[in-house]
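What you see is a predicted model, and the numbers here were worked out from it, not measured in a lab. Numbers restart at 1 for each chain; the letters A, B, ... are given by sequence-line order, proteins then strands.
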Amino acid sequence: MAPNFITEIIERDLEAGRYPQIVTRFPPEPNGYLHLGHTFASFLDFQTAVQYGGRYHLRMDDTNPEGESEEFAQGIQDDLKWMGWEWGEHLYYASDNFERYYEYAVKLIRLGKAYVDSVSGDEMARLRGTVSEAGTPSPYRERPVEENLDLFARMRAGEFLEGAHVLRAKIDLASANMKLRDPVLYRILRADHYRAGTAWCIYPMYDFQHPLQDALEGVTHSMCSLEFVDNRAIYDWLMETLGFSPRPHQYEFGRRSLEYTIVSKRKLRLLVNEGHVSGWDDPRMPTLRAQRRLGVTPEAVRAFAAQIGVSRTNRTVDLAVYENAVRGDLNHRAPRVMAVLEPLPVTLSGLDSERVLSVPYYPHDVVQASSDGLVPLPGGQRVPPEQAVRGVPLGTELYIEQDDFSADPPKGFKRLTLGGTVRLRGAGIIRADRFDVGADGNVTRVYATLLGEEAKAGGVIHWVSAAHALPAEFRLYDRLFSVPNPERTEASTDDLPEPEEDAAPMDAAFLRHLNPNSLRVTRGYVEGSVAADPADTRYQFERQGYFWRDPVGSREDALVFGRIITLKDAWAGNAGEATKAEPRRPKAEAKAGPQPTPHAPQPTALTPEQAAEAARLSALGVSDADARTLARDPELLAFINMAATDSTLAQVASWTVNDLAAAIKGDRARVQPADLAPLAALLAAGKVTSRVARDTLARAAESGEAPAAIIEREGLSARLDPAELARAIAETVAANPDKVEAYRGGKVGLMGFFTGQVMRATGGKADPQAVAQGLKAALEG
RNA sequence: AGGGAUAUGGUGUAAUGGCAGCACAACAGAUUUUGGAUCUGUUAGUUUAGGUUCGAAUCCUAGUAUCCCUGCCA
């Protein structure tokens with residue numbers, strides 16, 4: 001896991017000793033299968049814990065019985081284990097803690113922080129208000145504690161119909177954060193739970209259950225995706241109200257989606273239910289089990305997860321990153337064999353007798369790159385390269401790929417042409433002498449001659465011996481969707497607001513983008529050596545791609561090979577299989593909507609009072625821009641109004657706006673306005689540099705000490721001896737000979753670096769202009 | 001409309017006031033018994049406008065764009 005904003009927080013927490021070790025959790029709801037999107041989240045949760053010597057938990061977030069099942073819970077565990085994760089005893093089910101959640105709810109009621117509400121759902125939504133209007137209290141909001149306790153107990157006892165009552169937190173109906181307007185904690189739901197059975201008819205909501213479960217497990221860093229940012233307020237409220245300490249904290253990261261794929265559970269289900277794919281494990285699906293059946297290795301998936309970065313923005317990752325991870329993994333583990341996917345018969349002359357060639361499983365570069373000098377056989381056993389060979393029979397009847405012969409070759413064609421030569425991988429060079437054509441005009445057979453070793457050929461093609469090869473079916477998978485963002489309904493600009501019919505018909509628009517060629521099936525031949533290999537061997541069929549036997553469809557007497565991924569194909573753009581994606585649209589076009597209109601920098605309008613205020617400040621010497629900014633902000637204005645109105649005001653105003661504003665608004669600025677004038681005077685008199693002044697100001701803002709006192713105490717106003725500056729410059733130059741050379745070589749951007757070094761060496765006391773002059777002289781002299 | 005989050009090459013991500021870097025992609029060359037792999041090189045970026053500073057991707061002000069929030073889902 002590359003360093004990111006979360007590891008930064010963890011390192012800080014560890015350093016501060018806030019937790020003895022970190023604990024994370026991955027909390028899927030068992031109502032579907034894991035997909036590539038989950039890979040990122042689980043990797044972030046688990047790998048981060050591993051990296052910092054902590055512990056990770058797997059938790060089934062099974063608090064809503066609808067849609068959840070043991071099958072999914074098991075499937076999720078299988079997939080995660082396949083990925084190589086081991087949580088040991090730290091497998092948790094939220095449903096195991098229903099009793100404890102209940103107790104905490106009772107505690108909240110006793111604290112007067114929760115109440116049973118009895119309005120209808122519609123009514124509650126109405127009372128919640130809108131984003132711009134505060135909510136209004138339900139008539140039941142002030143129910144006495146005893147009545148709440150009684151009602152809540154009877155809810156649990158099953159005395160009420162679904163929807164009759166809910167338990168709500170009593171937080172703030174006027175909050176701008178809608179999540180805080182008395183969120184529902186429990187609802188009545190008469191549903192069988194796949195684990196708890198009929199024991200409960202009330203179920204806790206995510207916002208209540210999740211923080212509690214984190215705390216109960218001892219989780220320290222609870223990571224979730226960005227859409228839960230607003231929910232964090234409830235999280236913190238619960239932790240504080242219930243007094244958990246030490247307590248977990250929630251951190252949000254941006255989701256990662258992948259080009260050409262969808263991850264919406266509903267949409268995936270639609271693909272399965274409508275038969276667009278053969279099931280959840282159809283190799284074209286983004287689910288982990290599908291990728292597993294496809295033949296992708298867990299190592300490749302992990303490498304992918306490790307490569308995509310972590311940030312606080314939702315992003316769509318280039319499919320090539322995933323493909324690159326898959327290829328990179330297979331390149332070093334897949335023995336090369338030959339298979340002809342679309343056969344063209346070749347009759348060979350010049351071959352005295354049938355023979356068996358010994359052909360290496362790996363090209364020289366894979367051997368070279370091997371760290372131990374060994375290389376894996378199909379069974380996985382690592383052997384010296386000389387032993388990594390198989391016998392390949394060569395007879396007079398062969399098959400080559402239809403694409404590898406052209407009677408009318410395009411420019412740059414490097415394969416077999418009439419009268420031309422090509423190398424048969426491992427067998428020698430042949431020349432095509434003539435060919436037969438079928439009724440439809442297609443080439444049906446090529447007659448070729450095997451030449452001696454002195455012959456030359458520009459290209460290499462793969463082949464199999466017709467008499468020895470095994471017939472096989474090949475399933476050639478391609479991306480399921482033909483556009484990078486199938487989930488985005490790109491028609492959304494033309495269709496109007498769209499009368500939303502509940503969540504109902506679901507924009508099946510994404511189905512339009514289904515790639516009709518996502519599965520192509522061919523029949524051909526594979527070299528006989530594979531018959532002896534383990535069924536889960538992943539191969540590279542030379543020049544075609546990585547394949548393995550389909551774990552579901554392949555039988556010993558009816559081989560089916562599925563293509564895990566193609567090889568990169570630099571030729572495809574010219575001719576080739578042409579399943580390439582259409583060229584990507586430039587950013588400007590891809591971004592829907594009108595271009596931002598260039599507008600003149602228009603100062604925002606001030607109210608008459610603000611305008612008067614700004615004018616008054618301007619008259620006192622404050623710059624217009626600062627004056628306007630100050631006039632618009634009451635807190636800033638209050639601050640500046642306490643400062644001395646003398647010649648220093650302009651400087652003080654500038655500091656207030658540019659350096660102190662955030663602290664003042666956050667009520668963290670402890671420096672006194674009146675203390676600013678002396679500092680400004682020092683600056684104006686040339687006693688301190690502006691660098692020193694600003695540094696001091698920042699410190700004063702935190703400590704509350706008068707800036708001038710800091711300067712006095714630390715002697716910061718002492719003039720810098722020119723000799724000292726010269727020495728600092730000389731030392732800096734001497735310490736960085738390589739940078740000096742680079743600078744003299746034309747990398748003038750390094751001046752900033754040198755300036756920074758000198759400034760630091762002199763504690764900011766050097767006059768920037770003198771530094772610039774001195775450095776220029778030193779570097780160019 | 002109110003609140004919140006975010007914005008760096010085509011894509012993803014670093015730089016925590018001082019050299020805009022890395023990976024993938026693309027392109028070019030070398031090499032190659034896979035039009036693969038490998039190696040070398042090139043192209044290309046700080047959302048906009050102002051301001052502070054010797055110096056701004058970073059700090060300040062105001063815009064713009066995108067996403068999230070008004071479930072008894074998670």
Side-chain angles (χ1 to χ4, degrees), chain A residues 2-4 27 29 31 61 63-64 66 121 124-125 128-133 162-163 166 175-179 181 184 186-189 205-206 210 226-231 252 254 256 259 307-318 320-321 324 327 331 336 363-366 368-369 412 414 423 425-426 457 459-462 540 542-544 567-572 574 576 584 586-587 591 593 596-604 623 625-626 628-629 632 654-655 657-659 661-662 690-691 694 739 742 747 749-757 759 767-769 771-772:
Chain A
N4 57 69
E29 183 186 11
N31 67 351
D61 227 3
T63 55
N64 180 8
E66 288 162 353
M124 196 190 299
R128 189 154 24 227
T130 67
V131 288
S132 47
E133 296 163 68
E162 274 187 20
V166 293
S175 175
N177 179 353
M178 299 295 289
K179 296 285 185 192
R181 320 251 264 225
V184 172
Y186 266 93
R187 82 285 207 185
I188 299 172
L189 207 58
M205 304 291 290
Y206 168 88
H210 204 95
L226 234 31
E227 65 265 30
F228 293 97
V229 173
D230 293 340
N231 303 59
E252 310 85 16
R256 294 293 176 270
E259 283 181 343
Q307 272 168 44
I308 54 186
V310 185
S311 70
R312 274 177 72 85
T313 319
N314 292 326
R315 298 288 202 183
T316 300
V317 175
D318 198 326
V321 176
N324 185 55
R327 289 194 185 100
N331 183 33
R336 274 60 167 173
H364 68 282
D365 50 77
V366 171
Q368 265 169 18
K414 282 167 60 176
R423 179 179 292 277
R425 174 66 147 176
V460 184
I461 63 172
H462 59 277
Q540 185 193 105
E542 293 218 36
R543 303 206 308 130
Q544 290 290 2
L567 255 27
K568 268 204 230 167
D569 190 354
W571 175 252
N574 295 332
R584 214 155 278 156
K587 199 172 189 175
K591 281 209 172 146
T597 49
H599 52 278
Q602 208 167 45
T604 35
S623 80
D626 287 348
R628 296 177 68 88
T629 303
R632 249 182 308 108
S654 171
W655 282 333
V657 169
N658 290 301
D659 299 72
S690 70
R691 165 73 167 255
R694 288 165 62 115
K739 295 240 164 49
K747 195 165 179 184
L750 283 167
M751 183 53 91
F753 164 79
F754 289 115
T755 308
Q757 293 294 305
M759 282 299 191
D767 169 43
Q769 275 168 15
V771 173

What nucleic acid atoms does M751(A) come within less than 4.0 Å of, heavy atoms only: base, sugar-phosphate, or nothing? nothing

Look at the side-chain N and O atoms of R128(A) and state whether any lies under 4.0 Å from the OP1 or OP2 oxygen of G71(B). yes

Rounded to the nearest angstrom, tell me the gap between atom CG in L567(A) and atom C1' in G36(B). 4 Å

Exam field: side chain R336(A) to backbone R543(A), donor-acceptor pair closer than 3.5 Å: no

Could you tell me how far apart E227(A) (CD) and U66(B) (C1') are, to the nearest whole angstrom? 15 Å

For N231(A) and C69(B), what is the distance between atoms CG and P respectively, to the nearest whole Å? 9 Å

Students often get this wrong, so: under 4.0 angstrom with heavy atoms, is R691(A) touching a base, only sugar-phosphate, or nothing? base

Kindly indicate whether the side chain of D365(A) and the base of G36(B) share any N or O donor-acceptor pair separated by less than 3.5 Å? yes

Please give the distance between the C1' atoms of A62(B) and A26(B) as a whole number of Å. 38 Å

Can you tell me if the side-chain N/O atoms of T63(A) get under 4.0 Å from OP1 or OP2 in A74(B)? yes

From the candidates G35(B), A74(B), G18(B), the one with an atom nearest any side-chain atom of E29(A) is A74(B)

For G412(A), which contact category applies under a 4.0 Å heavy-atom criterion: base, sugar-phosphate, or nothing? base

Once base and sugar-phosphate atoms are separated, protein heavy atoms under 4.0 Å mark nucleotides 2-7 of chain B, 5' to 3', with B, S and - as BBSSSS

Excluding sequence neighbours, so at least two apart, what forms side-chain hydrogen bond (donor to acceptor under 3.5 Å, both in side chains) with Q368(A)? none

I188(A) or I461(A): which one's nearest nucleotide on RNA chain B is closer to the 5' end? I461(A)

Could you check whether T316(A) gets within reach of a base, just the sugar-phosphate, or nothing at all, counting any heavy atom under 4.0 Å? sugar-phosphate

Starting from Watson-Crick (N1-N3 plus N6-O4 or O6-N4) and G-U wobble pairs under 3.5 Å, report the runs of at least three that RNA chain B belongs to. B:2-7 with B:64-69, B:10-13 with B:21-24, B:26-30 with B:38-42, B:47-51 with B:59-63

May I have the distance from N4(A) (atom CG) to G12(B) (atom P), rounded to whole angstrom? 17 Å

Are the side chain of R181(A) and the backbone N or O of S175(A) linked by a donor-acceptor pair below 3.5 Å? yes

What interatomic distance, in whole Å, is found between C1' of U53(B) and the corresponding atom of U58(B)? 13 Å

Looking only at N and O atoms, is any donor in the side chain of Q368(A) or the base of U38(B) less than 3.5 Å from an acceptor on the other one? no

Are OP1 or OP2 of A62(B) and a side-chain N or O of R628(A) less than 4.0 angstrom apart? no

Describe the nucleic acid contact of G426(A) in one word from base, sugar-phosphate, nothing, applying a heavy-atom distance below 4.0 Å. base

Could you give the distance separating A37(B) and U32(B) at their C1' atoms, to the nearest angstrom? 9 Å

Under-4.0 Å side-chain N/O to phosphate OP1/OP2 contact, S654(A) with U52(B): no

Can a donor-acceptor pair be found, under 3.5 Å and without considering hydrogens, that links the side chain of D569(A) to the backbone of L567(A)? no

Using only modelled atom types and a 3.5 angstrom limit, is any donor from either the side chain of K179(A) or the base of C69(B) paired with an acceptor on the other? no

Considering every strand and a 4.0 Å limit on heavy-atom distances, what is the contact class for G309(A): base, sugar-phosphate, or nothing? sugar-phosphate

Using atom C1' in both nucleotides, what's the gap between U40(B) and U31(B) to the nearest angstrom? 11 Å

Integer-rounded Å distance: G35(B) P and R543(A) CZ: 5 Å

Would you say Y206(A) stacks on A74(B), if stacking means ring centres under 5.5 Å apart and planes within less than 30 degrees? no

Under the 3.5 angstrom rule, does the side chain of R312(A) hit a backbone N or O of E252(A) as a donor-acceptor pair? yes

Sugar-phosphate, base or nothing in reach of F228(A), heavy atoms under 4.0 Å: base

Is a side-chain donor or acceptor of N658(A) paired with a backbone partner of S654(A) at a separation under 3.5 angstrom? yes

Does a donor on one side chain and an acceptor on the other come within less than 3.5 Å for N31(A) and E29(A)? yes

Base, sugar-phosphate, or nothing: which does G749(A) touch, judged by heavy atoms less than 4.0 Å apart? sugar-phosphate

Taking only the C1' atom of each, what is the distance from U47(B) to U8(B) in whole angstrom? 10 Å

For the pair made of CG in N64(A) and C1' in A74(B), what is the distance, rounded to whole Å? 8 Å

With C1' as the reference atom in both, quote the distance from A14(B) to A7(B) in angstrom, rounded to an integer. 16 Å

Can you figure out which of G71(B), G36(B), G18(B) approaches the side chain of T755(A) most closely? G18(B)

Using a cut-off of 4.0 Å on non-hydrogen atoms, how would the nucleic acid contact of V310(A) be classed: base, sugar-phosphate, or nothing? sugar-phosphate

Output one line per pair: protein atom, nucleotide atom from nucleotides 58-60 of chain B, and distance, for all N/O pairs under 3.5 Å.
from   : atom 1 : to      : atom 2 : distance (Å)
C59(B) : O2'    : N658(A) : O      : 3.3
C60(B) : O4'    : N658(A) : O      : 3.3
C60(B) : O2'    : V657(A) : O      : 2.8

Protein N or O to nucleotides 22-24 of chain B N or O, pairs below 3.5 Å:
none

Could you state the NE2-C1' distance from H364(A) to C39(B), rounded to the nearest angstrom? 11 Å

Expressed in angstrom and rounded to an integer, what is the separation of F753(A) atom CZ from G17(B) atom C1'? 15 Å

Please classify the nucleic acid contact of E66(A) as base, sugar-phosphate, or nothing, using heavy-atom distances under 4.0 Å. nothing

Given 3.5 Å as the limit, does a donor-acceptor pair link the side chain of R423(A) with the main chain of A457(A), or not? no

Can you find a side chain N or O atom of R336(A) that sits less than 4.0 Å from OP1 or OP2 on G36(B)? no

Determine the interatomic distance between P on G18(B) and the same-named atom on C60(B); round to the nearest Å. 15 Å

Once side chain to side chain contact (heavy atoms under 4.5 Å, CB included) is applied, do any residues pair with T755(A), and if so which ones, sequence neighbours excluded? M751(A), M759(A), V771(A), L775(A)

Taking atom C1' in both G35(B) and G29(B), what distance in whole Å separates the two? 16 Å

Nucleotide nearest R187(A) when distance is taken to its side chain, options U70(B), G36(B), C73(B): C73(B)

